[in-house]
Structures are given as C-alpha cells and as structure tokens.
Undergrad: 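Provided herewith is a single structure, encoded as structure tokens, for subsequent inquiry.
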Amino acid sequence: MSLDLLLGLQWGDEGKGKIVDAITPDYDIVARFQGGPNAGHTIEFNGHKHVLHTIPSGIFNKNSKNVIGNGVVIDPAIFLTEINGLKKFNLDINNKLLISKKAHIILPTHKIIDASSEASKGKKKIGSTLKGIGPTYMDKTGRNGIRVGDIVNNNWEKKYQILKKKHLKLISNFKQTTNLNLDLLEKEFFRGIKCIKSFNLIESESYLNNSILKGKKILAEGAQGSLLDIDFGTYPYVTSSNTTSAGACSGLGVPPNKIKNIRGVFKAYTTRVGSGPFPTELSNQIGEKIRDVGHEYGATTGRDRRCGWLDLVALKYSIQINGITELNIMKSDVLSSIGKISVCISYNIDGKQIDFFPYDISSKAITPNYKVFEGWNDDITQIKYEKDLPKELIEYINFIESFVDVPIKLISTGPDRDQTIFRNK
Ligand code: GDP
Ligand code: IMO
Ligand code: MG
C-alpha cells in the first residue's frame with residue numbers, strides 16, 4: 001500500500017515516541033530509519049513509562065512488526081539492555097522485531113572517540129550524547145564500518161580487531177582522553193552481539209517493499225528533529241544523519257513515490273539539549289517554569305533541556321524541507337497558567353528583518369520578533385474533545401496553522417497515549 005512518515009520538526013524530543021505508539025494500531029509495520037541510541041522516545045500507557053532508544057516505538061502494539069532499518073546505528077550493549085527492559089511486557093519480541101543486515105554497529109571505541117573528541121573541543125563541544133553516533137557514521141561513509149550482516153560470519157572479529165586498532169591510534173592523538181574502560185565496554189558489547197544474532201537479520205529494503213506490494217501499511221519513525229539534520233540543521237551543532245524525510249528513503253530503501261502522509265510533530269514551545277544556536281531561548285524564570293512543568297530533562301542523558309518560545313520561522317523551514325502534510329502539536333498543557341505566550345514570526349539579523357532560516361544561524365546574533373498571545377489557566381490534561389479546550393489555545397493553534405499553512409490534526413494534552421485529541425480536518 002504505502003508508507004507514512006513521522007518526523008520531529010524541532011531539535012528533537014518533540015514527543016515522537018508518544019505519537020508513534022498512539023497511532024500504531026493503524027499500521028502493520030513501524031520502522032526506524034536513522035539515528036541510534038542518541039534517541040530517547042518516551043511512551044506512557046496504563047501507568048507504565050518506558051523509554052526506547054533503538055527499538056521502534058510501535059513495539060507495544062501486539063499486531064505490528066517493528067524494523068530497525070539500514071540507516072540506523074546500533075549499540076549492541078544498549079540494545080541488550082533495551083531488550084531486557086522489555087521482558088516484563090511479554091511481547092514475543094524475537095518474532096516482532098526485525099533488524100536490517102545493513103545497519104551499522106557502534107563499537108566500544110566509537111564511544112571513546114566520541115567522548116575524546118568532545119572533551120578536546122572544550123567550549124566548542126557539540127553536546128553529543130556520547131553514544132558514538134558521529135564516529136560510527138564517519139566509519140560508514142569512510143567505508144570502514146561493521147554491519148549487522150557481518151557478525152554472522154566467523155571471521156568478523158578479525159575485522160573488528162583491525163578497526164579497533166585503527167581507532168586506538170586515533171584516540172591516542174586527542175588532546176583529551178576519557179576514563180571509559182575499554183575492557184568493560186567490550187564485555188557488554190560482545191554480550192550484545194550475541195543478543196542481536198538471536199534476532200531475524202533481514203534484507204529490510206526487500207521486506208518493506210514487498211510488504212507495500214502486499215498492501216501493508218508502514219510507518220517510518222524518525223529520530224532527533226529536522227534542526228539536527230546533518231545537512232539542514234544548525235551545523236555543526238547537529239547529529240550525523242539525515243533526520244528529514246529524504247533520510248527515510250535512504251534509511252529504509254523505500255522509494256519516494258511510495259510515501260503518502262508526512263506527519264510533523266512539534267512542541268507548543270521549543271526545547272534543545274546540547275550546544276548550538278537557539279534564537280527563542282528563554283534564559284529566565286519562564287524558561288525554568290517550562291522545564292519544570294514540562295519535565296524537560298533528556299530521556300537519554302538526563303541533561304536539562306534548554307527551553308524557549310515556539311519559533312515559527314524554524315517550523316516553516318522544517319515543514320518545507322520535509323514536505324509535511326499534517327502537523328501534531330504536543331505539550332500545550334505545559335503552557336497552561338504561564339501567562340502571555342510569545343511566538344517568533346521573524347528574525348532580526350545584521351539590522352535586517354528576515355523571515356527565513358539563515359545559513360549564519362550558528363555564527364551571528366539573531367533577535368526574534370514575537371507575536372504575543374493571551375494565555376489560558378485551565379488544566380487541559382483531562383479534556384477529550386477540541387470543543388472543550390480554552391478558546392485562547394484554539395486561537396494559538398489556528399494562528400500557527402494559518403502561518404505555516406498545514407493542518408494541525410492532533411493535539412496532545414499529556415504524556416499518556418490516551419491524552420490525545422484527534423481533529424477532523
Ligand atoms: P521524543 O524523543 O520525540 O520521542 O520525545 P521524548 O520522549 O524525548 O520527550 C518528550 C517528553 O514529553 C516525554 O517525557 C513524553 O512523555 C512527554 N510528552 C509527550 N507528549 C506530551 C504532552 O502532550 N504533554 C506533556 N505534558 N508531556 C508530553
Ligand atoms: P530524540 O530522537 C534531542 C543532540 C545532542 C547534541 C547533538 C549531537 O530523542 O528526539 P549526537 O549524540 O547525535 O552526536 O548529538 O544532537 N541529540 C538530540 N537531542 N533529542 C534527540 O533524539 C537527540 N539526539 C541527538 O544533544 O546536541
Ligand atoms: Mg527524545
């Protein structure tokens with residue numbers, strides 16, 4: 001049948017995991033197409049709160065298959081921990097989860113390179129999650145990487161040792177090293193490799209294309225957000241993969257003409273974790289209040305997320321480069337009782353007003369121009385129908401819709417899968 005995409009439109013942590021989980025009953029297959037354990041996708045249902053890193057967020061739906069696509073990078077140690085964490089849910093996971101043979105593997109030394117590189121950058125560090133993502137994608141594009149399909153061959157450890165030796169040489173050149181213990185990391189790594197081997201390792205591009213021919217519905221789940229995209233994000237403060245819709249084609253091997261809906265998920269405000277520009281950041285009590293009420297702490301690293309107002313210049317840019325066909329607004333409940341709400345509608349840069357996302361966003365001072373909205377005081381977390389939402393929130397949503405010219409078809413009012421209002425638009 002076809003493929004739908006679900007993407008984060010800001011700097012990650014928009015609530016992708018929640019929405020994938022909530023809409024999975026509409027799909028036969030959920031497939032992750034890029035990123036790795038730098039992602040932390042939170043799902044809440046029936047009193048459970050669970051964070052997934054590599055495993056797609058459709059895993060809790062009984063009827064759907066879940067695929068880790070070729071564009072993903074897998075840390076075997078983290079994968080094993082994730083699998084163990086899911087045991088209590090009795091999910092028949094070895095049958096439900098399929099892994100692409102072409103996905104690349106994060107080695108212990110990739111994590112050490114990541115940490116050493118960041119430590120050596122000092123103040124200029126990216127703020128990486130230190131999961132070895134960048135170095136693994138570097139080895140992929142450098143044509144040195146180890147793929148999931150390799151680990152079933154008996155001589156793969158030889159390849160591992162050669163790459164490890166090369167990495168150790170590289171690590172010795174860094175100004176700063178880390179206290180990560182390679183022996184310990186390797187122990188966990190090889191336990192994880194054993195675990196990966198126990199799964200169905202497949203040519204996922206054939207599986208997905210054949211499934212489409214058979215009339216199955218597939219949801220491609222993005223990780224991170226468009227503003228962290230390696231090409232279109234706030235370079236160099238980005239991740240190392242294409243987080244945008246084009247990344248779904250290369251990360252799954254599914255052609256563009258099979259894509260139908262492209263769902264963009266964004267928060268009613270903005271957050272960012274790690275370094276890099278953030279024009280609408282609130283370094284004041286309002287920012288702190290948003291962090292506090294929204295529990296804005298990293299799902300993977302526990303770091304404080306930086307908080308700020310919604311940036312419609314950035315949102316419009318993300319919508320354009322992804323071809324977004326519908327929007328989902330998350331976490332408006334966090335803005336209840338915050339007072340007046342500002343939304344960025346243009347930037348001032350070099351004394352000029354601009355309404356596009358500029359190349360020099362990482363290097364020049366940018367001042368946002370805001371439109372100010374009346375806030376609301378009602379608690380909206382138990383509201384089930386749009387008609388019961390405060391009129392100020394509806395005005396806010398209507399303005400965003402008309403500014404970006406894409407319908408907002410879902411309003412999330414809390415972290416639980418049931419705190420979701422679907423709109424008939
Ligand atoms: P992801 O990486 O895009 O999947 O998002 P994260 O899981 O990293 O961060 C989103 C956080 O917001 C998680 O703690 C979710 O449980 C929570 N969340 C998702 N939607 C809502 C919402 O509408 N309201 C509130 N208050 N929390 C939400
Ligand atoms: P999800 O899927 C938020 C950020 C890091 C850092 C930069 C590079 O949960 O939305 P990396 O480890 O990729 O080299 O880090 O990207 N980052 C994320 N921020 N959510 C994520 O994933 C992120 N994955 C990476 O904080 O600034
Ligand atoms: Mg996250």
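Just so you know, ligand 1 is whichever comes first in the structure, and atom 1 is the first atom listed for that ligand. The figures that follow rest on heavy atoms only: side chains count, while hydrogens, waters and symmetry mates do not. Please read all numbers here as calculations on a predicted model, not as lab measurements.
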Undergrad: Check this for me - ligand 1, Gly15, N or O atoms closer than 3.5 angstrom, yes or no?
TA: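 Looking only at distances, the answer is yes, because the N/O contact criterion of under 3.5 Å is met.
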Undergrad: So which heavy atom in the protein is nearest atom 25 (C) of ligand 1, and how far is it from that ligand atom?
TA: Asp333 OD2, 3.5 Å
Undergrad: Just to be sure I'm reading this right: ignoring hydrogens, which of Gly35, Ser57, Gly127, Ser241 gets closest to atom 5 (C) of ligand 2? Compare them by their nearest heavy atoms.
TA: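 Among Gly35, Ser57, Gly127, Ser241, the closest heavy atom to atom 5 (C) of ligand 2 belongs to Gly127.
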Undergrad: Please check if the side chain of Tyr137 supplies one atom and the backbone of Thr239 the other of a donor-acceptor pair under 3.5 Å.
TA: no
Undergrad: Would you say the rings of Phe60 and His48 are close, in the sense that their centroids are separated by under 6.0 Å?
TA: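 Centroid separation for His48 and Phe60: 6.0 Å or greater.
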Undergrad: Report, in ascending order of atom number, the atoms of ligand 2 lying under 4.0 Å from any heavy atom of Ala223.
TA: 2 (O)
Undergrad: Would Gly12 count as being in polar contact with ligand 2, using the rule that some N or O on each side must be under 3.5 angstrom apart?
TA: no
Undergrad: Is ligand 1 under 4.0 Å from a heavy atom in the side chain of His295, in the backbone, in both, or in neither?
TA: neither
Undergrad: Students often mix this up, so state it plainly: with edges at 30° and 60°, are the rings of Phe189 and Tyr160 parallel, tilted or perpendicular?
TA: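 The rings of Phe189 and Tyr160 lie parallel, inter-plane angle below 30°.
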Undergrad: Please state which protein non-hydrogen atom is closest to atom 4 (O) of ligand 1 and give its distance, to 0.1 Å?
TA: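 The closest one turns out to be Gly17 N, 2.8 Å.
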Undergrad: Who's the nearest protein heavy-atom neighbour of atom 15 (O) of ligand 2, and how far?
TA: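 Protein heavy atom at minimum distance: Ser128 CA, 3.4 Å.
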Undergrad: State whether the side chain of Asp378 and the backbone N or O of Ile380 hold a donor-acceptor pair below 3.5 Å, judged by distance alone.
TA: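 Answer holds: no.
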Undergrad: Glu44 heavy atoms, cut-off 4.0 Å: which ligand 1 atoms fall inside?
TA: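 Contacts of ligand 1 toward Glu44, numbered from 1: 16 (O).
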Undergrad: Just by distance, no angles: are the side chains of Asp229 and Thr244 close enough, under 3.5 Å, to form a donor-acceptor pair?
TA: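 Note: Asp229 and Thr244 side chains meet the donor-acceptor criterion.
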Undergrad: Classify the angle between the aromatic ring planes of Tyr317 and Phe232 as parallel (below 30°), tilted (30 to 60°) or perpendicular (above 60°).
TA: perpendicular
Undergrad: Show which atoms of ligand 1 fall inside a sub-4.0 Å distance from at least one heavy-atom site of His41.
TA: 1 (P), 2 (O), 4 (O), 7 (O)
Undergrad: Write out the residue and atom name of the closest protein heavy atom to atom 23 (O) of ligand 1, then the distance separating them to 0.1 Å.
TA: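 Scanning the protein heavy atoms, the shortest distance from atom 23 (O) of ligand 1 goes to Ser412 OG, 2.5 Å.
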Undergrad: When you measure from the heavy atoms of Arg272 to every atom of ligand 2, does any distance fall below 4.0 Å?
TA: no
Undergrad: Which protein heavy atom lies closest to atom 10 (C) of ligand 1, and at what distance to 0.1 Å?
TA: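 Checked against all protein heavy atoms, atom 10 (C) of ligand 1 sits closest to Asp13 O, 3.7 Å.
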Undergrad: Okay, side chain of Ser318, backbone of Leu9: is any donor-acceptor separation there less than 3.5 Å?
TA: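 Yes; at least one donor-acceptor contact below 3.5 Å.
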Undergrad: Would you say the side-chain atoms of Lys16 pair up with the backbone N or O of Ser57, donor to acceptor, closer than 3.5 Å?
TA: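 Not at all, since once roles are kept as given, no pair shorter than 3.5 Å links the two residues.
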Undergrad: Looking only at protein heavy atoms, which one is nearest to atom 16 (O) of ligand 1, and how far off is it?
TA: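 The answer is Pro415 CB, 3.4 Å.
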Undergrad: Touching ligand 1 at all, Gly8? Heavy atoms, strictly under 4.0 Å?
TA: no
Undergrad: Going by the closest heavy atom to atom 13 (O) of ligand 2, which one wins out of Asp13, Thr239, Leu130?
TA: Thr239
Undergrad: Is the backbone N or O of Ser245 less than 3.5 Å from a side-chain atom of Asn322, with the two atoms forming a donor-acceptor pair by type?
TA: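 Yes; judged by distance alone, with no hydrogens or angles, the pair exists.
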Undergrad: Considering only NZ, NE, NH1 and NH2 on the basic side and carboxylate oxygens on the acidic side, decide whether Asp13 and Arg305 come within less than 4.0 Å.
TA: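 Result for this pair is yes, salt bridge flagged.
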Undergrad: If we ignore hydrogens and angles and just use 3.5 Å, is the side chain of Glu118 paired with the main-chain N or O of Gly127 as donor and acceptor?
TA: yes
Undergrad: Classify the contact between Leu228 and ligand 2 as side chain, backbone, both or neither, using a heavy-atom distance cut-off of under 4.0 Å.
TA: side chain
Undergrad: Short list, please: which atoms of ligand 2 are under 4.0 Å from a heavy atom of Gly274?
TA: 27 (O)
Undergrad: I want to know if ligand 1 touches Val334 in the polar sense, i.e. an N/O pair below 3.5 angstrom.
TA: no
Undergrad: Please work out which of the three classes, parallel, tilted or perpendicular, describes the rings of Trp376 and Tyr396, given edges at 30° and 60°.
TA: tilted
Undergrad: Is ligand 2 under 4.0 Å from a heavy atom in the side chain of Trp11, in the backbone, in both, or in neither?
TA: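 Contact part for Trp11 vs ligand 2: backbone (N, CA, C, O).
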Undergrad: Is the side chain of Thr54 donor-acceptor paired with the backbone N or O of Gly36 at a distance under 3.5 Å, no angle test?
TA: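 Not confirmed, Thr54 side chain does not pair with Gly36 backbone.
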Undergrad: Classify the angle between the aromatic ring planes of Phe357 and Tyr347 as parallel (below 30°), tilted (30 to 60°) or perpendicular (above 60°).
TA: tilted
Undergrad: Would one find an N or O of Lys16, backbone or side chain, under 3.5 Å from an N or O of ligand 2?
TA: yes
Undergrad: Go through ligand 2 atom by atom and flag the ones less than 4.0 Å from a non-hydrogen atom of Arg303.
TA: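 Checking each atom against Arg303, I get 5 (C), 26 (O).
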Undergrad: Under 3.5 Å, side chain of Thr270 to main-chain N/O of Trp309, donor-acceptor pair present?
TA: yes
Undergrad: Say whether Thr300 and ligand 2 are in contact under the criterion: heavy-atom distance to a ligand atom below 4.0 Å.
TA: no
Undergrad: Closest non-hydrogen protein atom to atom 2 (O) of ligand 1, residue and atom name please, with distance?
TA: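 For atom 2 (O) of ligand 1, the nearest protein heavy atom is Gly40 O, 2.8 Å.
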Undergrad: Under 2.8 Å from the Mg ion (ligand 3), can any N, O or S atom of Gly40 be found?
TA: yes
Undergrad: Between Lys101 (side chain) and Ser204 (backbone), is there a donor-acceptor pair under 3.5 Å?
TA: no
Undergrad: Heavy atom under 4.0 Å from ligand 2: found in Lys131's side chain, backbone, both, or neither?
TA: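 Within the 4.0 Å criterion, Lys131 makes no contact with ligand 2.
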Undergrad: Closest non-hydrogen protein atom to atom 15 (C) of ligand 1, residue and atom name please, with distance?
TA: Thr42 CB, 3.9 Å
Undergrad: List every atom of ligand 2 that sits less than 4.0 Å from any heavy atom of Val273, numbering the atoms from 1 in the order shown and giving each element.
TA: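 Those atoms are 3 (C), 5 (C), 19 (N), 26 (O), 27 (O).
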Undergrad: Give the atoms of ligand 2, by number and element, whose distance to some non-hydrogen atom of Ala39 is under 4.0 Å.
TA: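 Listed by number with element: 1 (P), 2 (O), 9 (O), 22 (O).
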Undergrad: Is there at least one pair of N or O atoms, one from Gln224 and one from ligand 2, spaced under 3.5 Å apart?
TA: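 Yes, there is a polar N/O contact under 3.5 Å.
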Undergrad: Counting non-hydrogen protein atoms only, what is the nearest one to atom 17 (C) of ligand 1? Give residue, atom name and distance.
TA: Lys331 NZ, 3.9 Å
Undergrad: Looking only at protein heavy atoms, identify the closest one to atom 12 (O) of ligand 2 and say how far it is in Å.
TA: Thr129 OG1, 2.5 Å
Undergrad: For the Mg ion (ligand 3), give me the closest N/O/S atom belonging to Asp13, just the atom name.
TA: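 Looking at Asp13, the N, O or S atom with the least distance to the Mg ion (ligand 3) is OD1.
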Undergrad: Salt-bridge test for Arg32 and Glu221: reply yes if a basic N is under 4.0 Å from a carboxylate O, no otherwise.
TA: no
Undergrad: Under 3.5 Å, side chain of Asn66 to main-chain N/O of Leu97, donor-acceptor pair present?
TA: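 Checking the backbone N and O of Leu97 against the side chain of Asn66, no donor-acceptor pair under 3.5 Å is found.
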Undergrad: Between Glu44 and Arg417, is the closest basic N to carboxylate O distance under 4.0 Å?
TA: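 Here Arg417 does not pair with Glu44 in a salt bridge, since their nearest N and O are not under 4.0 Å apart.
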Undergrad: For atom 8 (C) of ligand 2, what is the nearest protein heavy atom, given as residue, atom name and distance?
TA: Val238 O, 3.4 Å
Undergrad: Which ligand 1 atoms does Thr413 reach within 4.0 Å, using its non-hydrogen atoms?
TA: 23 (O)
Undergrad: For ligand 1, does Arg305 get within less than 4.0 Å through its side chain, its backbone, both, or neither, judged by non-hydrogen atoms?
TA: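 Answer for Arg305: side chain.
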Undergrad: Answer yes or no for Arg305: is there a heavy-atom contact with ligand 2 below 4.0 Å?
TA: no
Undergrad: Can a cation-pi geometry be assigned to Lys331 and Tyr269, taking NZ or CZ under 6.0 Å from the six-membered ring centre and within 45° of the ring axis?
TA: no
